[in-house]
Amino acid sequence: MSELLADDPEWADVVPIRQYENVNPIAPIFYSEEYKDATDYFRGVLKTGEMSPRVLQLTERIIRMNPAHYTAWQHRYKTVIALKIPLEEELELMNDIATTFLKTYQVWHHRRLLLTALNSIDAAARELEFLKTVLRADAKNYHTWSFRQWILAHFNDEERLWAGERAYIEDLLEQDVRNNSAWHHRFFVVFSSGIRLGDEDRDQMLRRELSFVKEKIALAPNNPSAWNYLRGALEHTNTPFSTLTTFVELYTTSQPPSRGRDEDVVDLDNPPPSAGAQLPAVAALEFLADIYEKEGGDASAKAVEIWKSLANEKDVIRKKYWEYRIRDALSKA
């Protein structure tokens, strides 16, 4: 039995409109018969402006074949609103599509429209929980993280939405310390979205964040995500890089520093690299060179030497960049 709408009596009253193509198109797209049939009838209902239950079924049919069909998404949303479909039900119905096509922007835009129309903290909290399941499938999906940040910022409820966010990120980083998306989200939560409840003491907050990121760097010294977070924290709080010279130097040597006789004594402010760490860490060398460059004077020569070692040995893939840094420093000398 045919599944084409052209053979369905329910759609006999709709005049399908074929997609316009030249007689000899330069780059014809070989759509499936099912897709051409569905979109022909979709153009037909768009022309008449129909918004009905069968149109909802049609848009879902098209979306499952092409989740990036933004016109189908737009008309679906208009139809949902016109028919007064319970928005929670629409969100639930779209869960499968979201998890199947999670890299498609239109999927998340539709959910954003639904949540905006609902204007409910309860719905926003449920959505955050749903996103956890999505991120378990792909913990670094940009569209999902962007949508999560929008929910937090738009509804901005400290107790129901923000309260557990930092702990959630820490769980993700325990699973994968190199999850750059989680590091970015932590920066958003801690620094970029206002002052969270309990973080009013900004000096204490900074000490906590520095301690956290240092521990993660010690675990994986060549993880650029953690070093970028460290830089961001210092820059955002106008804290000089030089305040961390002692810590950074631990990661610029070829061998982990000796801890002396008492192996149980650990400097909590300057945790050393983990056993077996690959040293020196490129990010640490870059960080130390930036400290020397900022210091100026005789220290500039030390920065140039580090950049030379990066260009010729430690980070050859960015050789041109390090050579630029050297030329720029020498031109200012």
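The first residue of the sequence shown is numbered 1, and numbering continues consecutively from there.
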Polar side-chain atom of [X] near backbone of [Y] as donor-acceptor pair, under 3.5 Å:
X	Y	value
T245	S242	yes
T252	E249	yes
S120	A123	yes
W145	A139	yes
R76	L56	yes
D37	E33	no

Discussion item. Could you walk me through whether D267 and N270 satisfy the side-chain hydrogen bond (donor to acceptor under 3.5 Å, both in side chains) test, starting with their C-alpha distance in whole Å, then the side-chain angles of each, then the deciding distance to 0.1 Å, before giving a yes or no?
Written reply: CA-CA 5 Å; D267 183 353; N270 301 294; 2.8 Å; yes

Discussion item. Using side-chain hydrogen bond (donor to acceptor under 3.5 Å, both in side chains), reason through W162 and N156 one step at a time and then give a plain yes or no.
Written reply: CA-CA 7 Å; W162 288 103; N156 199 29; 2.9 Å; yes

Could you tell me whether [X] and [Y] make a salt bridge, using a distance below 4.0 angstrom between a side-chain N and a carboxylate O?
X	Y	value
R318	E286	yes
E127	R148	no
K308	E305	yes
R196	D199	no
R186	E165	no
E50	R54	yes
K294	D290	no

Practice prompt. Using the side-chain hydrogen bond (donor to acceptor under 3.5 Å, both in side chains) rule, take D315 and W322 through it: C-alpha gap first, then chi angles, then the decisive distance, then the call.
Written response: CA-CA 9 Å; D315 190 29; W322 299 124; 2.9 Å; yes

Worksheet item: Is it true that W108 and H143 have ring centroids separated by less than 6.0 Å?
Response: no

Worksheet item: Between the side chains of Y77 and E90, is a donor N or O closer than 3.5 angstrom to an acceptor N or O?
Response: no

Fill in: Residue pair Q149 / H185, side-chain donor-acceptor N/O under 3.5 Å
yes

Discussion item. The test is side chain to side chain contact (heavy atoms under 4.5 Å, CB included); show your working for V190 and Y229 and say whether it passes.
Written reply: CA-CA 11 Å; V190 175; Y229 187 86; 4.1 Å; yes

Practice prompt. Carefully, step by step, assess K319 and E313 under the rule salt bridge (charged side-chain N to carboxylate O under 4.0 Å, His left out).
Written response: CA-CA 9 Å; K319 183 179 179 68; E313 182 183 355; over 6 Å; no

What distance do [X] atom [atom1] and [Y] atom [atom2] have between them, rounded to the nearest 0.5 Å?
X	Y	atom1	atom2	answer
L285	I306	CG	CD1	6.0 Å
N179	I169	CG	CD1	10.0 Å
Q74	T79	CD	OG1	10.0 Å
L114	L87	CG	CG	6.0 Å
W150	R111	CH2	CZ	11.0 Å

Fill in: Minimal non-hydrogen separation, V248 against A284, with atom names
CG1-O, 3.4 Å

Worksheet item: Once the angle between the rings of H75 and F42 is folded into 0 to 90°, is it parallel (under 30°), tilted (30 to 60°) or perpendicular (over 60°)?
Response: perpendicular

Discussion item. Angle between ring planes, W227 versus F287, binned at 30° and 60°: parallel, tilted or perpendicular?
Written reply: tilted

Worksheet item: Relative to Y168, does K132 satisfy both conditions: NZ or CZ under 6.0 angstrom from the six-membered ring centre, and within 45 degrees of the ring's axis?
Response: yes

Fill in: Cation-pi check, R64 onto F101 ring (under 6.0 Å, within 45° of axis)
no

Worksheet item: Below 4.5 Å, heavy atoms only, C-beta onward: do E293 and F241 meet side chain to side chain?
Response: no

Practice prompt. Evaluate the side-chain proximity of M94 to H110: yes if any heavy-atom separation is below 4.5 Å, no if none is.
Written response: yes

Practice prompt. For D269 and K214, run salt bridge (charged side-chain N to carboxylate O under 4.0 Å, His left out): C-alpha distance rounded to whole Å, both residues' side-chain angles, the deciding distance at 0.1 Å, then the answer.
Written response: CA-CA 8 Å; D269 287 332; K214 285 177 183 179; 5.3 Å; no

Discussion item. Here's a test for you: under salt bridge (Lys or Arg N to Asp or Glu O under 4.0 Å), which of E170, E209, E174 qualifies with K216?
Written reply: E174

